Protein chains: 2
Amino acid sequence: MNIGAAAEATGVPPKTIRYYESIGLIPPATRAENGYRHYTGFDIETLKFIQRTRHLGFSVKDVGGLLALWHDKDRTSASVKALALNHISDVEQRIQELDTIRKTLIDLTERCHGDDRPECPILDEFATSD
Amino acid sequence: MNIGAAAEATGVPPKTIRYYESIGLIPPATRAENGYRHYTGFDIETLKFIQRTRHLGFSVKDVGGLLALWHDKDRTSASVKALALNHISDVEQRIQELDTIRKTLIDLTERCHGDDRPECPILDEFATSD
DNA sequence: CCTTGACCTTCAAGTCACTGGAAGCCCATA
DNA sequence: TATGGGCTTCCAGTGACTTGAAGGTCAAGG
């Protein structure tokens with residue numbers, strides 16, 4: 001499988017696969033005689049693993065940690081769970097922040113007429129000196 | 001007011017103020033004889049405006065737009081509201097994504113024993129080929 | 001008078017996670 | 001044989017700063 005086919009199979013774009021190789025997230029791909037990168041079953045599974053965990057918002061660093069745990073047959077499920085719980089708390093904090101922002105903005109937009117006059121409580125709020 | 005005092009007064013760090021100047025979000029500060037940047041009332045209000053809008057998650061580009069509208073006495077409140085509504089929809093979409101992630105992760109962690117054995121449904125899920 | 005420490009200045013580079021583009025080789029098909 | 005696509009590398013750009021280095025300025029204490 002060339003890099004394009006691997007990208008197709010995993011959802012990770014060719015540029016991104018090369019990038020992951022360059023930062024050491026995945027080992028250097030084996031090369032065909034013409035210098036093309038070559039991917040087989042395990043490489044594909046690894047890329048899918050990366051794609052799923054990235055899609056769940058884990059940082060690339062954390063994905064590296066998860067890959068290491070995946071390969072470590074002596075891992076404890078507690079260590080995996082700890083990483084996941086940590087990430088959940090990050091996600092929940094971010095949701096909280098965004099929800100606060102959302103509420104503020106909705107309040108402001110409800111108070112703004114949204115017509116062709118310049119008076120605007122949204123700008124007023126941004127400009128008030130508290 | 002030197003840059004440090006302006007930072008203190010607005011919550012925008014000195015480095016960030018210089019950065020905003022460098023990208024043209026704020027005009028170049030006037031300088032004292034020794035070359036130090038000098039800030040007065042209006043500059044401070046502008047920096048506070050920026051801080052509030054950035055804190056609400058507007059991009060620096062959007063903040064530039066809001067500043068322009070703030071200074072434009074012929075603006076329409078509709079144009080401000082449109083920017084805000086757009087941002088709300090971005091925020092809500094992001095919240096949706098994060099909530100989906102959150103639900104998935106919570107489900108996985110609940111199914112993981114989190115003990116000293118290696119079996120882990122979290123990793124199993126990340127590794128499954130669907 | 002000198003030193004110390006806290007300011008301030010600039011410019012370059014690092015962060016995160018890619019993404020885009022340029023220049024050039026490789027390969028299958030019409 | 002020409003064309004078009006895929007592959008290679010490397011460099012630069014994104015967003016929004018942050019860090020660090022090297023050096024100028026200023027007020028206070030010994």
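Because the structure is a prediction, the values reported are computed rather than measured. Chain letters run A, B, ... following the sequence lines, proteins first, then strands; residues in each count from 1. All values below were derived from every heavy atom in this structure, side-chain atoms included, with hydrogens, water molecules and symmetry-related copies excluded.
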- Task: Considering only heavy atoms of chain B and a distance under 4.0 Å, specify the first and last nucleotide of DNA chain D in 5' to 3' order that meet this criterion.
- Result: D:dA16 to D:dC26
- Message: What is the distance, to the nearest angstrom, from the CZ atom on A:F58 to the C1' atom on C:dA17?
- Response: 17 Å
- Message: Under 4.0 Å, heavy atoms only, any strand: does B:I3 hit a base, just the sugar-phosphate, or nothing?
- Response: sugar-phosphate
- Task: Using a 4.0 Å heavy-atom cut-off across all strands, classify B:R18 as base, sugar-phosphate, or nothing.
- Result: base
- Message: Under 4.5 Å between side-chain heavy atoms, counting indirect links through other Ile/Leu/Val/Met/Phe/Trp/Tyr residues: same cluster for A:Y36 and A:V12 or not?
- Response: no
[atom1] of [X] to [atom2] of [Y]: how many Å apart, nearest 0.5 Å?
X      : Y      : atom1 : atom2 : answer
A:F126 : B:W70  : CZ    : CH2   : 11.5 Å
A:H38  : A:I3   : NE2   : CD1   : 12.5 Å
B:C120 : A:L69  : SG    : CG    : 8.5 Å
A:L66  : B:I122 : CG    : CD1   : 8.5 Å
B:I88  : A:L105 : CD1   : CG    : 5.0 Å
A:I17  : A:Q51  : CD1   : CD    : 9.5 Å

- Task: Mind grabbing the angle between the end helix axes of the helix from C:dC1-D:dG30 to C:dA30-D:dT1? Five pairs an end, 10° rounding.
- Result: 30°
- Task: Using only side-chain N and O atoms of B:R31, determine if any of them is under 4.0 Å from OP1 or OP2 of C:dT10.
- Result: yes
- So which one's nearest nucleotide on DNA chain C is more toward 5', B:N2 or A:K61? B:N2
- Note on the structure: Residues in residues 86-97 of chain B with a heavy atom under 4.0 Å of DNA chain C, by number, are none
- Any ring-ring contact (aromatic ring centres under 6.0 Å, His included) involving residues 77-105 of chain B? Give me the pairs, sequence neighbours left out, ordered by first then second residue. B:F58-B:H87
- Validation row: A:T40, A:M1 side chains within 4.5 angstrom (heavy atoms): no
- Scan residues 87-101 of chain B for pairs that pass salt bridge (charged side-chain N to carboxylate O under 4.0 Å, His left out), counting only residues two or more places apart or in two chains. A:R102-B:E92, B:R94-B:E97, B:D99-B:R102, B:D99-B:K103
- Which letter, B, S or -, goes with each nucleotide of nucleotides 18-27 of chain C from 5' to 3', with contact meaning a protein heavy atom under 4.0 Å? BSBB----BS
